[in-house]
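Chain naming here is simple, since letters A, B, ... match the order of the sequence lines and numbering starts at 1 in each.
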Amino acid sequence: MNPSPMDPRPSAKKDRIDSLAETSGRGGTATAVKDVHVGAAGKVKDTGGVSLIASAWARLRRNPVFLLGLAITVVFVLLALFAPLLAPNDPTKRMPELLEDLSRSTNPVPGPEAGFPLGSDDFGRDLLSRLIVGARQTLIVGVFATLFGLAGGIILGTLAGAFGGWVDSLVMRIVDVMLSVPSLLLAVSIAALAPRPSQWTVIIAIAVVQVPIFARLLRGSMLAQRASDHVLAARALGVKQSSIVFRHMLPNSLGPVIVQSTLVLATSIIDAAALSFLGLGNPDDRQPEWGQMLGASQQWIRDYPHLAFYPAACIIVVALGFTLMGESLREALDPKSRR
Amino acid sequence: MLRFIVRRLVQMVGVLIVLSLLLFLWLRSLPGGTVSAILGERATPASRAAMEAQFGLDQPVWVQYAKFVGRVLQGNFGPSTAVLPGRDALDIFLQRLPATIELSLFALAIAVALGIPLGYFAARRKETFLDNASVVGSLIGVAVPVFFLGFLLQRVFAIELGWLPVSGRQSTGLDATRITGFFVLDGILTREWDAAWDSFKHLILPAVTLATIPFAVVFRITRASVLEVLDEDYIRTAESKGLTARIIRGRHILRNAMLPVTTTIGLQVGALLAGAVLTETVFGFAGVGDALATAFRLRDYAVLQVLILAAAGIYVIVNLLVDIMYAVIDPRVRTR
């Protein structure tokens with residue numbers, strides 16, 4: 001639930017986000033570190049610079065943790081893209097073969113049988129197909145929640161970081177208030193506002209929680225950019241304020257925000273499950289989603305725990321994949337760890 | 001130092017004022033609103049108008065807000081409609097609070113007792129099997145949905161193995177004396193050892209569930225912080241002076257590395273509050289989190305107001321205390 005529980009640089013929650021922004025903001029995409037060798041005659045030999053991205057990639061390529069995360073993510077995305085082709089059955093159809101075994105009194109959840117390796121759900125539908133198609137809905141929830149949170153954060157963070165002064169103070173006070181409510185509580189409160197919960201109310205509730213984190217992160221690295229030499233140079237050359245912000249400051253400030261997005265992909269999938277568990281998820285089970293399946297399985301959990309185990313295992317593996325990727329990205333992009 | 005505290009207090013009051021405004025607007029925009037929640041399907045235009053007048057909903061918005069703030073300051077949130085119908089909402093919160101504090105403290109103790117030593121050893125043996133395994137382990141801990149972990153532990157240790165109780169705070173047959181509302185403490189104070197032991201057993205599974213995320217955070221921060229300190233020149237100096245490993249560890253490494261860790265521990269309150277909602281629901285543990293989940297499900301707005309305001313208030317106050325503590329420990333913070 002904690003937006004970035006894995007952050008290695010603490011102090012207050014706010015400062016923690018800020019310091020994150022600094023570490024990667026300092027590097028930015030524009031900087032290059034040069035290996036300088038001094039020759040025998042005292043001449044400086046320039047061996048050329050290595051950009052932060054190139055050096056990060058060189059280290060990531062050999063990092064097993066990153067590769068594992070990447071592999072999980074790629075498999076998950078492929079599964080989500082080709083879900084309808086891969087699913088053996090219609091995930092929304094009550095299968096006649098399974099309905100034969102299903103009776104409310106004696107056997108409400110038929111087990112595995114020929115053609116249905118994972119058996120049925122509590123409604124006579126093919127569990128395996130629902131899981132496969134569920135990958136797509138889960139990816140949609142994760143990606144859109146992250147994108148909306150990112151968009152809100154970029155708007156607020158850019159306002160604060162680019163203008164400074166009272167705009168900055170105002171935006172940051174809003175952000176402080178949003179950070180003062182524990183994140184799950186905020187998400188639940190927003191989800192409760194919807195007259196009829198749906199997939200989109202879930203996505204919005206999760207996204208709003210991420211906005212203040214992204215905003216603070218972006219503002220931090222924009223402030224670092226504002227004081228940097230290339231922005232000063234652009235200003236001295238008379239470049240318009242808008243192009244300084246959008247072409248010089250913003251692109252160079254996005255590093256930490258992108259890393260955070262990877263981690264948010266993981267937390268938003270877990271949050272969606274928590275909302276479903278609390279009865280505020282998407283009630284429409286014609287669009288199976290792992291969190292929703294896990295949340296709905298609680299009424300059967302005593303007698304048919306496998307209904308919970310499969311979606312939970314999927315969520316854990318995918319969330320772990322995103323987290324492993326995000327954590328190793330952060331480490332690789334941190335100029336401090338380039339030794 | 002005093003100026004720092006005053007400035008932070010003013011900021012906190014500002015945050016709380018904005019929060020009360022947001023809570024007021026939030027309550028007004030909830031689907032159906034208070035009147036429909038109480039009258040339900042039976043509402044006729046006449047009964048709606050009568051009830052709106054009774055609650056002052058026909059008055060201008062700012063008057064309503066002023067009245068709302070007045071009621072909040074007096075602690076008058078009205079009676080609960082669904083969690084415990086008829087009981088005062090504030091009473092329900094106060095009665096439930098000790099359970100959540102007891103659970104959270106126990107969970108925090110587990111997280112700290114495991115997280116700090118493990119973080120230290122992982123850092124000292126960087127990039128060994130122990131280090132990698134515990135880092136990946138902590139990441140898995142974060143990836144598991146809290147309520148699912150609860151179900152899993154409940155199933156294995158309570159239902160299958162029968163070692164620990166399935167749910168609740170105390171076995172029903174026990175007629176234990178209540179003094180503080182902290183059941184374990186009550187048992188110790190009254191020397192009802194069986195009651196204390198029984199409550200303790202009820203605490204174990206929920207506390208372990210609740211501890212996973214704080215544990216992962218404390219572990220990772222300790223590890224990162226120790227790694228950073230190990231790189232410092234004064235450690236090399238201490239080593240070259242010939243100080244014993246024990247003194248270097250205690251006086252140079254741990255004392256410096258614990259600075260960020262102490263504040264992180266304070267900041268886990270938010271994670272604990274959020275986790276308590278899920279954990280208490282799974283284990284039927286009658287605390288604040290369980291009441292919150294029930295209030296959301298049954299739309300008990302009186303209880304929701306108290307609980308949300310209290311959760312945010314506790315969080316903001318603990319944050320303030322953490323900031324002040326940090327300023328006391330680390331003088332560099334005060335000047336910022």
Q) In terms of the angle between their ring planes, are A:F309 and B:F148 parallel, tilted or perpendicular, with boundaries placed at 30° and 60°? A) perpendicular

Q) Of the backbone (N, CA, C, O) and the side chain (C-beta and beyond), which part of A:L280 lies under 4.5 Å from a heavy atom of chain B, both, or neither? A) side chain

Q.
For the interface with chain A, which of B:P145, B:A311, B:A312, B:A293 has the highest count of heavy-atom pairs at distances below 4.5 Å?
A. B:P145

Q) Is there a side chain to side chain contact (heavy atoms under 4.5 Å, CB included) between A:D176 and B:V18 once you walk through the steps? A) CA-CA 10 Å; A:D176 282 353; B:V18 179; over 6 Å; no

Q | Least distance between heavy atoms, A:S189 atom then B:I308 atom | A | OG-CD1, 3.8 Å

**Q.** Spacing of A:L185 atom CG and B:L307 atom CG [to the nearest 0.5 Å]
**A.** 8.5 Å

Q: With a 4.5 angstrom heavy-atom cut-off, could you sort out which part of B:L227 is near chain A: side chain, backbone, both or neither?
A: neither

Q: Please state whether the side chain, the backbone, both or neither of B:L292 comes within less than 4.5 Å of a heavy atom of chain A.
A: side chain

Q: Write down the atom of B:L22, the atom of A:V177, and the distance for their closest heavy-atom approach.
A: CD1-CG1, 3.7 Å

Q | B:L152 portion near chain A, given a 4.5 angstrom heavy-atom threshold | A | side chain

Q: Assess whether side chain to side chain contact (heavy atoms under 4.5 Å, CB included) is satisfied between A:L278 and B:L278, documenting all intermediate values.
A: CA-CA 8 Å; A:L278 292 174; B:L278 301 168; 4.1 Å; yes

(Q) With a 4.5 angstrom heavy-atom cut-off, is it the side chain or the backbone of A:A194 that approaches chain B, or both, or neither? (A) backbone

Q: Output the distance between atom CG (A:L184) and atom CG (B:L273), rounded to the nearest 0.5 Å.
A: 10.5 Å

Q) So which of A:G279, A:A191, A:A312, A:G291 has the largest heavy-atom pair count under 4.5 angstrom toward chain B? A) A:A312

(Q) Test side chain to side chain contact (heavy atoms under 4.5 Å, CB included) on A:T323 and B:V142; report intermediate values, then the result. (A) CA-CA 9 Å; A:T323 313; B:V142 173; 5.6 Å; no

Q. What are the two closest heavy atoms between B:W26 and A:A192, and how far apart are they?
A. CZ2-CB, 4.4 Å

Q: Under 4.5 Å heavy-atom distance to chain B, tell me which part of A:V188 shows up: side chain, backbone, both or neither.
A: both

**Q.** From CG (A:L275) to CZ (B:F296), nearest 0.5 Å
**A.** 10.0 Å

